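See structure below.
Every heavy atom of this structure was used, including side-chain atoms; hydrogens, water molecules and symmetry mates were not. As the structure is a prediction and not an experimental result, all values here were calculated from the model. Residue numbers begin at 1 in each chain, while the letters A, B, ... track the order of the sequences.
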Amino acid sequence: MLDIKFIREHAEIVKEGVTRKGEDPARVDEALALDEKRRHKLAHAEQLKARKNSVSAEVAKKKSKGEDATAVFEEMRKVADEIKSLDHELAAIEADLRNVLLAIPNIPHPSVPVGRTPEENQIVATWGEPPVIDFKPKPHWELVEKLGIIDFPRGVKITGAGFPVYVGKGAKLERALINFFLDKAEAAGYTEVMPPHVVNAASATGTGQLPDKEDQMYVATKDEFYLIPTAEVPVTNFYRDEILGEKQLPIKMCAYTPCFRREAGSYGKDVRGLNRVHQFDKVELVKFVHPSTSYDELESLRADAERLLQKLGLHYHVLLMCSGDLGFTQTKKYDLEVWSIGQQKWLEVSSCSNFESYQARRMNIRFKPAAGGKPEIVHTLNGSALALPRIVAAIIENYQTPEGKVIVPKVLHQYTGFEVIG
RNA sequence: GGAGAGGUGGCCGAGUGGUUGAAGGCGCUAGUCUCGAAAACUAGUAUAGUCGUAAGGCUAUCGAGGGUUCGAAUCCCUCCCUCUCCGCCA
């Protein structure tokens, strides 16, 4: 969420940013009104508390001298009641204010193009060329079935649609990619973590999954646990409610986890094969950085993700998302899309975002400036490096042979132990 | 899951109703001393909100929330977490 003080002091900037995101700026005024009301009540309540405290001190003094102090009890009883009711009103106002603040999106960075639809995203880089082949390429779902490396029907039997089973070389390819991605992340300075795959409500709120995106998560209701939709959730919450040292920054972490997404409301959209599944593997990069460096860190994060695609030899391009296509909590985002020849389309395999202080404020992650002074909120960023299933789809389609075999990219050989599937 | 113990500042730890935001120690920072360092000594050392141009004031916070009371770190209730023993178990 945004800082209420920042909103108070820069109401117009915030409203303008909210509008660019395609959200309703009226919430900003709502927040300001609640804030005004809150501070008014707070001043009143604190006055009464100050009175209570000073009277209490006097009572203590009198009692220690053996004097009678019952004269003020009657009045203080009333003051106590009044304080209690003001505190209740305040709690209600604060809860309302927080809810309104949570409903105000992060505002786009000035370098983000203004736009409303995905068509207005800008292609800012392209790498490689589509594979040149002289036969009709097949989509991956046909290839994997023939090769017997991914079993969709049995996944349906075991769990349901969107839960593929990787078998034999398919499983090994998956594992090889995970190890490859993690090794590269480690080489780029990221510390590997293996976090829990379910989180509590506080963590899900910290990264912004709750309250808005509750429908997208699987919930273990008995224990109020949420299956993670991305490693971003547990990893970013690693430092929730902590104060870091400025010298520790930037902190770079990577994590492999399975990701669980209900994908409610997306039925029929790109759902064939591995394009959209309910459980998938992903290696995620997360950074906690000094506010002055977060946009440089975004560029290097993107470079870290791009390097993987280059090593795999996959033709891709980079999209700079327009203001309207940014996520609620993001200020700037790049999507990496890989060309998949069998489907003749671009598949999103990574999304690299800067959240500035928006997530960190919700999570209360701060750092103590080395020069002294008050703790400041860190900036957080994250990016996929990379999401597995679409990479698997792209590899299988782009590296297919006329006979329906798949050549494994060279960088993976040391991980797979085989060079061809089929 | 059963029984018991406990959760106090960066850490250890005192505190069972009244100037206790909280003794003492450790750590950390600065200063004195020293050629320099150590030691010693002195001082400082939480977070947040709010008011104020500022200096500074006020309020809150002793796991969380509620209650009792003129007054709660201290008493009561609920919840969370940690530890020990037993049970179960990869």
Between [N] atom [atom2] and [X] atom [atom1], what is the distance in whole Å?
X        : N     : atom1 : atom2 : answer
A/Lys62  : B/U19 : NZ    : P     : 17 Å
A/Arg361 : B/A48 : CZ    : P     : 12 Å
A/Lys61  : B/U20 : NZ    : C1'   : 16 Å
A/Ile377 : B/A48 : CD1   : C1'   : 11 Å
A/Phe73  : B/G18 : CZ    : C1'   : 11 Å
A/Asp87  : B/G65 : CG    : P     : 12 Å
A/Asp241 : B/C80 : CG    : C1'   : 15 Å
A/Glu242 : B/A46 : CD    : P     : 19 Å

Practice problem: With RNA chain B as reference, determine whether A/Ala57 or A/Lys84 sits nearer its 5' end, using the nearest nucleotide of each. | Solution: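 Between the two, 5'-proximity favours A/Ala57.
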
Exercise. Tell me which of A/Lys63 and A/Ile243 sits closer to the 5' end of RNA chain B, going by the nucleotide each one is nearest to.
Key: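 Nearest-nucleotide comparison on RNA chain B picks A/Lys63.
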
Does [N] have its OP1 or OP2 closer than 4.0 Å to a side-chain nitrogen or oxygen of [X]?
X       : N     : answer
A/Arg39 : B/G49 : no
A/Arg8  : B/U50 : yes
A/Arg77 : B/C70 : yes

Exercise. Remember a base hit wins even if backbone is also touched, and classify A/Lys5 as base, sugar-phosphate or nothing at under 4.0 Å, heavy atoms.
Key: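 Sugar-phosphate, no base atom in range.
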
Exercise. Assign A/Val72 to base, sugar-phosphate, or nothing according to its heavy-atom contacts below 4.0 angstrom with the strands shown.
Key: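 No contact.
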
[N] and [M]: how far apart are their [atom1] atoms, nearest whole angstrom?
N     : M     : atom1 : value
B/C41 : B/G25 : P     : 10 Å
B/G2  : B/G24 : C1'   : 40 Å
B/A30 : B/C83 : C1'   : 40 Å
B/G13 : B/A73 : C1'   : 14 Å
B/G10 : B/A22 : P     : 15 Å
B/G21 : B/U16 : P     : 16 Å
B/G71 : B/G17 : C1'   : 8 Å
B/G9  : B/C79 : C1'   : 24 Å

Quick check, are the ring centers of [X] and [Y] under 6.0 angstrom apart?
X        : Y        : result
A/Phe367 : A/His290 : yes
A/Phe181 : A/Tyr256 : no
A/Phe355 : A/His379 : no

Does [N] have a Watson-Crick or wobble partner in any strand here, with both distances under 3.5 angstrom, and which is it?
N     : value
B/C41 : B/G31
B/G1  : B/C86
B/G6  : B/C81
B/A46 : B/U61
B/U16 : none
B/U74 : none

Exercise. Using a 4.5 Å cut-off on heavy atoms from C-beta on, say whether the side chain of A/Pro153 contacts that of A/Asp151.
Key: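 A side-chain contact under 4.5 Å exists here.
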
Quiz item: Going by heavy atoms in the side chains, are A/Ile7 and A/Val28 under 4.5 Å from each other?
Solution: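 Yes, their side chains come closer than 4.5 Å.
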
Practice problem: Quick one: which residue pairs count as a side-chain hydrogen bond (donor to acceptor under 3.5 Å, both in side chains) with a foot in residues 409-422 of chain A, not counting sequence neighbours? | Solution: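 Passing the test, one end in residues 409-422 of chain A: A/Asp183-A/Tyr415.
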
Lys/Arg N to Asp/Glu carboxylate O, [X] vs [Y], below 4.0 Å:
X        : Y        : value
A/Glu58  : A/Lys62  : no
A/Asp29  : A/Lys15  : yes
A/Asp304 : A/Arg307 : yes

Self-check item: RNA chain B contacts among residues 44-53 of chain A, heavy-atom distance under 4.0 Å
Solution: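 Residues of residues 44-53 of chain A under 4.0 Å from RNA chain B: A/Glu46, A/Lys49, A/Ala50, A/Asn53.
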
Exercise. For the side chain of A/His88, starting at C-beta, report the closest nucleotide among B/G67, B/C70, B/U19.
Key: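 Among B/G67, B/C70, B/U19, the one nearest the side chain of A/His88 is B/G67.
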
